[in-house]
Every structure is written in structure tokens, then in C-alpha cells.
Peer 1: 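Dumping the structure here so I can ask a few things about it.
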Amino acid sequence: MELRAKVFAVEKVFQTLDEEIAKFQEGSSLHCKFGCGKCCFKADIEATTLEFLPFAFHLYQSNKASEWYEKLKASDAEICLILNPAREGAGLCSEYPHRGLICRLFGYSARTNKYGMRELVTCQIIKTEQTSAYQKAEIQIEAGGNIPVMSDYYMQLHAIDFELTQDFYPINLAIRKAIETVVHYYAYR
Ligand code: SF4
């Protein structure tokens, strides 16, 4: 698949996911605290290369790929470099439309536990500050209610590109690898 087509395919998956999340949020009334972004400060967030391909493609198109590549290469930060702690508004992500799959899934998706049951993957803030909505959502999920399932979405990305979804890397390395993929692709064309 041509790189641009791959980017569009990933964006299509993201769009479906965003719609599914919006429905889940509406039904459960679970929501993020305004201006929060605390989950993005976790140091061990991992991602695949493919989920940051749209971001890398966007950088390439705006002639910012080299600048970002060097910035990522020079940094040993464990926290996502796209995060802007000084940002004002609804969240701290400086590239929200191009965020990765994990950034979209966390908070409003389910994983399947070892007993084969789906359980909501969300943060402590939502669990403690929206306890009754959280408990209600858990019951609905157990009863088969609709919620995006993490593994389903990883499978969808896997179907787009096996190689770029095979390994999980610390988030900044995943972004760097996505930029490398885009730059190498166009360097040979
Ligand atoms: S998921 Fe939780 S920690 Fe992350 S932005 Fe939303 S409220 Fe904040």
C-alpha cells in the first residue's frame, strides 16, 4: 500500500474510534476533567510506529519532519514530547488531531481480562470523581454494552501494516520511527 493510502487508512480507523468513543461518553456521561491531561505524564506509555504515521506525514507535509526528528533524537525524555504542559484549554496535547491510538483509547475503551471479561481502562480521576457513572458503565460493559475494545483497534491497524504494528516502543521512539518511515519512503521516490 502506498504511504499516503496507509495514512488515510489509519485516519479512517481513528475516525471510527472517535465516533465510538463519543457514543460511549454520551451514554455513560464519563468525561475528562477540563484542561487535565494527567494521563499523558505517565513515563511508560508505549505505542506502535503506525499509529503515529499520520502525525509524521503531517510533519513531512509541513516541512517540520527534520526539526521534529532532531528534537526526538536529542531528547531522552520519557514523557511524550508532543505534550505541552503550558497549553491552555481543554487538554495539553499540542497535536490533538494527530494523536496516536493509545492516546485515543485510554480512558474510554475496554481490555479483555484473563477471565475473558471486558473491563474499562480509565484513570483514577475518573474512577474517584465520577464514581457512580464509572460503576454504572462497568455494569453496562459487563452486560455487553458498547465500548471500543483496545485489541480490536490494534488488530485493525495490524491489518493495515503488519511490520509497523509488530513492536511497541516508548512513545517518543515510536514517533521517531514514524518520521523515519515517512522520510525514507519519500527519499527513495
Ligand atoms: S483520562 Fe483522566 S487523567 Fe487523562 S485527561 Fe482524562 S481525566 Fe485527565
Side-chain angles (χ1 to χ4, degrees), residues 10-11 13-56 58 68 71-72 75 77-113 117-157 165 168-176 178:
V10 174
E11 285 175 339
V13 171
F14 286 172
Q15 195 188 335
T16 309
L17 171 61
D18 292 348
E19 286 165 11
E20 219 190 324
I21 286 176
K23 274 188 209 151
F24 172 71
Q25 286 178 316
E26 203 185 320
S28 64
S29 69
L30 291 174
H31 55 275
C32 284
K33 209 169 156 174
F34 185 83
C36 183
K38 200 175 171 198
C39 49
C40 306
F41 285 92
K42 258 186 115 248
D44 57 353
I45 299 173
E46 291 194 329
T48 60
T49 304
L50 188 65
E51 65 196 90
F52 280 102
L53 208 65
F55 175 55
H58 159 71
W68 265 86
K71 183 169 145 181
L72 287 156
S75 167
E78 291 184 326
I79 293 164
C80 179
L81 285 188
I82 301 177
L83 184 69
N84 176 3
R87 192 169 184 272
E88 285 180 12
L92 305 180
C93 183
S94 61
E95 291 289 343
Y96 195 73
H98 301 110
R99 67 203 187 283
L101 181 61
I102 187 61
C103 321
R104 292 166 200 265
L105 286 169
F106 184 76
Y108 306 99
S109 64
R111 71 173 152 233
T112 310
N113 68 21
M117 304 291 289
R118 296 177 311 158
E119 58 186 20
L120 180 60
V121 179
T122 196
C123 70
Q124 211 49 37
I125 296 175
I126 288 179
K127 285 182 190 172
T128 53
E129 295 186 9
Q130 301 167 49
T131 312
S132 122
Y134 166 69
Q135 287 170 346
K136 212 169 134 199
E138 283 263 275
I139 293 167
Q140 280 167 353
I141 292 163
E142 268 186 48
N146 286 337
I147 182 166
V149 176
M150 286 183 145
S151 54
D152 291 350
Y153 278 92
Y154 280 108
M155 288 299 284
Q156 288 184 47
L157 289 197
T165 50
F168 282 80
Y169 302 101
I171 196 157
N172 288 323
L173 183 55
I175 300 167
R176 206 171 103 191

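Model, not experiment: these values are computed from the prediction. Atoms within a ligand are numbered from 1 in the order they appear, just like the ligands themselves.
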Peer 1: Sorted by chain and residue number, which protein N/O/S atoms are under 2.8 Å from atom 2 (Fe) of ligand 1?
Peer 2: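 You should have found Cys123 SG.
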Peer 1: Are Glu20 and Tyr153 linked by a side-chain donor-acceptor pair shorter than 3.5 Å?
Peer 2: yes
Peer 1: Heavy-atom count check: over 12 atoms from other residues, nucleotides or ligands less than 6.0 Å from Tyr96 OH?
Peer 2: no
Peer 1: Is it the case that more than 12 heavy atoms not belonging to Asp152 sit under 6.0 Å from its CG atom?
Peer 2: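 Yes, the 6.0 Å shell around CG holds more than 12 heavy atoms from other groups.
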Peer 1: Is it true that atom NZ of Lys33 has more than 12 heavy atoms of other residues, nucleotides or ligands lying nearer than 6.0 Å?
Peer 2: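 It does not: Lys33 NZ has 12 such atoms or fewer within range.
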Peer 1: Could you tell me, atom by atom, which parts of ligand 1 come under 4.0 Å of a heavy atom of Gly37?
Peer 2: 5 (S), 8 (Fe)
Peer 1: Between Phe55 and His98, how do the two ring planes meet: parallel, tilted or perpendicular, split at 30° and 60°?
Peer 2: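 It falls in the tilted class, 30° to 60°.
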Peer 1: Looking only at side chains, do Thr48 and Glu51 share a donor and an acceptor under 3.5 Å apart?
Peer 2: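 Indeed, the side chains of Thr48 and Glu51 share at least one donor-acceptor pair under 3.5 Å.
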